[in-house]
Amino acid sequence: MRIVTRGDLDGLASAVLLFDVEQIDEIALIHPQDITDRKFPVRSTDILVNVPYDPNCAMWFDHHEHTIKPDNNSFKGRHAREFSVAKLIFDHYGSPRHEKYRKLVEEANRFDSAKLTRDEILDPQGTMLLGFLIDPRTGMGSGYKDFFMHLVKRLRTKTPEELLNEPDLSIRASRYRNNIAKFQEFLLANSEVDNNVVVTDFRDLNRAPIGNRFLVYITHPQCNVSVRTQWGPGRSFVAVNLGHSIFDRSCKVDVGRLCREYGGGGHRGAGACVLDPTHADLEIQEIIEQLVEHD
Ligand SMILES: [Mn+2]
């Protein structure tokens, strides 16, 4: 079977679990929108993880809200409100083989629901550091698909802490660490604040700088929600990411629902959509207006 997921920590932990209980011979990393837009051909042997449902799949595990749902729950797998899909899979199988991954699943759960401390953002260690290193939104560059496959294999026998001591990962970790201060400067220089909203535009850059997506809530503690815009491959679309501050949880807008109005998705605290460049600026302005809290 093939796992079809997104290349983040939740996808990684989920893949590690599935390898122990299903016959997996391949992993495909995609953007969830590829399923919604029917750009990714789903096979009857696919296990969809952390991405929207497709009726062709063999199994589906997800914790996001969707407009398209399987008919009267006639699917194999599980869809429920949970902090991570890794936790859903862990509970679904209840397998003794998964016992050794309990800590990994708990940490993936905390990472995916962004329950992180300031120190874990500024100086992450262990699973949290691994989470930032693999997250495509951190901007560590190309080759992450191969890197992801390697990690799935290695995490089956080693802990994240052990892995981070190995040469290839410790090089990545130092590259990441050396960029934290630079990324903070970048955020301060390229963000605009509109009331409670911080908007960071990455579109002027040829290469997005390296840094984790939560740092903006440290550089802009006065805001409770962030908007990040950047070019998709070949400038064919504008990718927009919205997120509630993980320190100030007062934003009342369901940003996943807001993104769905623009063809995207997500959940209450985080969402993403892709916009046609010809009217992206107008739509970004509309999105910001919906996020601004008027007193
Ligand atoms: Mn997830």
Side-chain angles (χ1 to χ4, degrees), residues 3-19 22 24 27-36 40 42 46-54 57 59-70 75 77-93 98 101-116 120-121 124 127-138 144-145 148 151-152 155 160 212-214 226 228 239 241-244 246 249 254-260 264-274:
I3 297 172
V4 178
T5 189
R6 50 179 109 192
D8 61 9
L9 183 68
D10 195 15
L12 178 66
S14 299
V16 170
L17 297 175
L18 286 170
F19 259 89
E22 300 288 351
I24 307 294
I27 302 179
L29 297 182
I30 61 160
H31 191 282
Q33 189 93 21
D34 296 341
I35 301 264
T36 324
F40 182 82
V42 174
D46 282 344
I47 306 179
L48 302 183
V49 176
N50 228 344
V51 295
Y53 177 71
D54 184 292
C57 74
M59 295 181 92
W60 180 50
F61 292 98
D62 196 21
H63 66 140
H64 297 88
E65 290 291 326
H66 296 290
T67 37
I68 301 165
K69 286 181 192 143
F75 67 98
R78 197 180 281 200
H79 178 235
R81 268 171 183 257
E82 182 52 85
F83 290 130
S84 67
V85 174
K87 181 72 166 60
L88 274 186
I89 293 174
F90 188 87
D91 291 343
H92 179 80
Y93 288 93
H98 284 161
Y101 303 125
R102 188 174 280 276
K103 188 170 169 238
L104 176 68
V105 170
E106 273 165 18
E107 289 180 328
N109 223 19
R110 206 155 64 78
F111 188 85
D112 220 46
S113 53
K115 289 200 188 69
L116 302 172
E120 284 171 326
I121 309 267
T127 309
M128 304 305 168
L129 176 55
L130 194 64
F132 288 129
L133 293 185
I134 62 161
D135 196 313
R137 288 164 290 198
T138 302
Y144 88 94
K145 288 193 182 186
F148 188 95
L151 289 181
V152 173
L155 273 175
N212 83 57
R213 64 198 167 103
F214 301 129
S226 72
R228 166 174 173 161
N241 282 282
L242 310 184
H244 286 181
I246 64 170
R249 307 253 182 191
D254 181 335
V255 298
R257 185 184 298 164
L258 180 55
C259 287
R260 280 198 289 282
H267 30 199
R268 212 186 155 269
C273 55
V274 300

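Count residues from 1 along the sequence. Start at 1 and go down the list; that is how both ligands and their atoms are numbered. This one's a predicted model, so the numbers in the text were calculated from it and none came from an experiment.
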Trainee: Output yes when a side-chain donor or acceptor of Thr5 lies under 3.5 Å from a complementary backbone atom of Val49, and no otherwise.
Mentor: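 Pair found, side chain donor or acceptor close to backbone of Val49.
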Trainee: To 10 degrees, how wide is the angle NE2 (His63) to the Mn ion (ligand 1) to OD1 (Asn50)?
Mentor: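 Output for this angle: 80°, rounded to tens.
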Trainee: Within 2.8 Å of the Mn ion (ligand 1), is there any N, O or S atom belonging to Asp112?
Mentor: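 Short answer: yes, at least one N, O or S atom is under the cut-off.
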Trainee: Please confirm whether the backbone N or O of Arg137 pairs with a side-chain atom of Arg228, one donor and one acceptor, at under 3.5 Å?
Mentor: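 Present.
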Trainee: Is the Mn ion (ligand 1) less than 2.8 Å from an N/O/S atom of Asp10, whether that atom is in the backbone or a side chain?
Mentor: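 For Asp10, the answer is yes, given that an N, O or S atom comes within less than 2.8 Å of the Mn ion (ligand 1).
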Trainee: Is the closest side-chain heavy-atom distance between Tyr93 and Leu17 below 4.5 Å?
Mentor: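 When only atoms from C-beta onward are counted, Leu17 and Tyr93 do not touch, as no gap falls below 4.5 Å.
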Trainee: Hey, what's the ring geometry for His98 with Phe90, parallel, tilted or perpendicular (30° and 60° as the breaks)?
Mentor: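 Aromatic pair His98/Phe90 classed parallel.
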